[in-house]
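Worksheet: the structure to be examined is printed underneath.
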Amino acid sequence: MAEYSLEEVLHPRSIAVVGASDEGRGSQFFGCLVDFGFKGELYPVNPKYTEVMKIKAYPTVKDIPGPVDFVISAAPAPQIPQIMRDCAQKGVKGIHLFTARFSETGREDAAELEREVLRIAKEGGVRIIGPNCMGVYYPKMGMSFQPQFPKVSGSIAFASQSGQAAGEIINKTTQRGAFFNKAISYGNAIDFNEVDFLEYFATDPEAKVIMMYIEGPKNGSRFFNILREVTKTKPVVIIKGGRGQAGTRATASHTASLAGAIEVWNTMISQAG
């Protein structure tokens, strides 16, 4: 199976939204794509509807007649393994799992479900953003996860472990006249993680400044080594979540991450420039 890159996943020719509807979260994701003017094909997927926002709907991803590059899933967690199988069969390159209630719950059955989803994805060659995240804001491509985000593209690239933090930071930063070319909320990071985003932004000519909100990296030493290289060519701003004991507990329950001692982070940030 092909190992799709972040570049391929972030430039889809077609997007399907599983759980798309005329109300609720499914309507937010699909509505943003319509409102922001996504240039490719859009497919709402929901067995309850024949149309969503006057666009023909399909019962499953497999039922879509044309190719599908990217999928956004707002479906419940128990449905995700079958959705992943459908995506693999359809040749989907990447999926954003807004869906939560995986390892961040602390339950072993939920963690096992997350592992099963990753196994199916790897076997089928489907890359994952998430789960438990808001996904991609890329105004130039007509992609957003909040309707109030600006449609203006800027010079900041942003990766955030928290969807809520991403929304607040984007809104408050753009109010001050600084705009984003890409922002990715990545949640539990079972596949693409902060190192992948940092590496990608480092070589992205659209990104002049890199911003990150991090609760705890998947691989601290690799992140540090990449960060030291990236800061030689581009400024990196890191907003660290979970700095105290209460914050550490909160991040563990939020995205199943270990926040790490703030002294270690201060030293790493200083050494990385």
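Taking 4.5 Å as the limit, some side-chain heavy atom of Val61 sits within range of a side-chain heavy atom of Val18. In this structure the side chain of Phe149 reaches within 4.5 angstrom of the side chain of Phe36, judged on heavy atoms. Two residues are said to be in side-chain contact when any heavy atoms from C-beta on lie closer than 4.5 Å; Pro81 and Met84 fail this criterion. Counting only heavy atoms from C-beta outward, the side chains of Phe192 and Leu6 approach each other to under 4.5 Å. When side chains are defined from C-beta on, Met134 does not count as touching Gln164, because their heavy atoms never get closer than 4.5 Å. Between Arg13 and Lys93, the closest side-chain pair of non-hydrogen atoms falls below 4.5 Å. Proximity of Ser5 to Tyr200: side-chain heavy atoms (C-beta onward) are nowhere separated by under 4.5 Å. Side-chain contact between Ile55 and Val52: absent, with no pair of heavy atoms (C-beta onward) separated by less than 4.5 Å.
The heavy-atom pair separating Lys182 from Leu10 by the smallest distance is CD-CD1, 4.3 Å. The minimum heavy-atom distance linking Ser14 with Pro67 is given by the pair OG-O, 2.8 Å. Listed here is the closest heavy atom pair of Lys218 and Glu194: N-OE2, 2.8 Å. Considering every non-hydrogen atom in both Ala77 and Ala100, the closest pair reads CB-O, 3.6 Å.
Every residue was checked against the ring-ring contact (aromatic ring centres under 6.0 Å, His included) condition with Phe102, not counting sequence neighbours, and none meets it. Remark: Glu108 pairs with Arg115 by the salt bridge (Lys or Arg N to Asp or Glu O under 4.0 Å) rule, at least two apart or across chains. For Lys140, the salt bridge (Lys or Arg N to Asp or Glu O under 4.0 Å) partners are Glu206, not counting sequence neighbours.
To the nearest 0.5 angstrom, Phe201 atom CZ is 7.5 Å from Asn181 atom CG. Here the CD1 atom belonging to Ile190 is positioned 8.0 Å from the OG atom belonging to Ser103, to the nearest 0.5 angstrom. Rounding to the nearest 0.5 Å gives a distance of 9.0 Å between CE of Met143 and NE2 of His11. Here the CG-CZ distance, from Leu227 to Arg222, works out to 13.0 Å after rounding to the nearest 0.5 Å. For the atom pair CD of Glu199 and CG of Asn193, the computed distance is 9.0 Å after rounding to the nearest 0.5 Å. In this structure, the separation between CD1 on Ile169 and OG on Ser160 is 5.5 Å, given to the nearest 0.5 Å.
Note on Tyr138 and Val34: same hydrophobic cluster, where clusters join Ile, Leu, Val, Met, Phe, Trp and Tyr whose side-chain heavy atoms are under 4.5 Å apart, directly or indirectly. Both Met212 and Ile269 are assigned to one and the same hydrophobic cluster, defined by single-linkage of ILVMFWY side chains at heavy-atom distances under 4.5 Å. Both Ile239 and Ile226 sit in one connected hydrophobic cluster of ILVMFWY residues. Membership requires side-chain heavy atoms under 4.5 Å apart, directly or through other members. Follow the hydrophobic side-chain contacts under 4.5 Å out from Ile238 and you reach Phe180 in the same cluster. The hydrophobic clustering, which links ILVMFWY residues whose side-chain heavy atoms are closer than 4.5 Å, places Met53 and Phe38 together.
Side chains of Asn171 and Thr173: a donor-acceptor N/O pair is absent below 3.5 angstrom, by distance only. Side-chain contact of Asp86 with Gln82: a donor-acceptor pair under 3.5 Å is present, judged by distance alone.
In this structure a side-chain-to-backbone donor-acceptor pair under 3.5 Å is missing from Asn188 to Asn132. Judged purely by atom type and a 3.5 angstrom limit, Thr99 uses its side chain to pair as donor or acceptor with the backbone of Ala75. The backbone N or O of Arg228 lies less than 3.5 Å from a partner atom in the side chain of Thr231, making a donor-acceptor pair. In this structure, the side chain of Lys56 does not engage the main chain of Thr50 through any donor-acceptor pair within 3.5 Å. Without hydrogens or angle criteria, His96 side chain to Gly135 main chain gives a donor-acceptor distance under 3.5 Å. One N or O on the side chain of Arg127 and one on the backbone of Tyr4 form a donor-acceptor pair closer than 3.5 Å. In terms of modelled atom types and a separation under 3.5 Å, the side chain of Tyr137 and the main chain of Pro150 share a donor-acceptor contact. Panel note: side chain Lys62, backbone Pro59; no donor-acceptor pair is recorded below 3.5 Å. Within the 3.5 Å criterion, the main-chain N or O of Gly66 finds a donor-acceptor partner in the side chain of Lys90. Looking at Asn266, its side chain never comes within 3.5 Å of a backbone N or O of Glu263 through a donor-acceptor pair.
Using a 4.0 Å cut-off between charged side-chain N and carboxylate O, Arg119 and Glu112 make a salt bridge. A salt bridge between Arg85 and Glu116 is present, with a side-chain N of the basic residue lying under 4.0 Å from a carboxylate O of the acidic one.
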Given Asp69 and Val9, is the side chain to side chain contact (heavy atoms under 4.5 Å, CB included) satisfied, shown in steps?
CA-CA 7 Å; Asp69 286 339; Val9 170; over 6 Å; no
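Here Phe29 and Phe145 keep their ring centres 6.0 angstrom or further from each other.
Of the residues Ile128, Ile120, Ile95, the one that meets the side-chain contact (heavy atoms from CB on, under 4.5 Å) test with Cys87 is Ile95.
Classified by interplanar angle (parallel below 30°, tilted 30° to 60°, perpendicular above 60°), the ring pair Phe197/Tyr186 is tilted.
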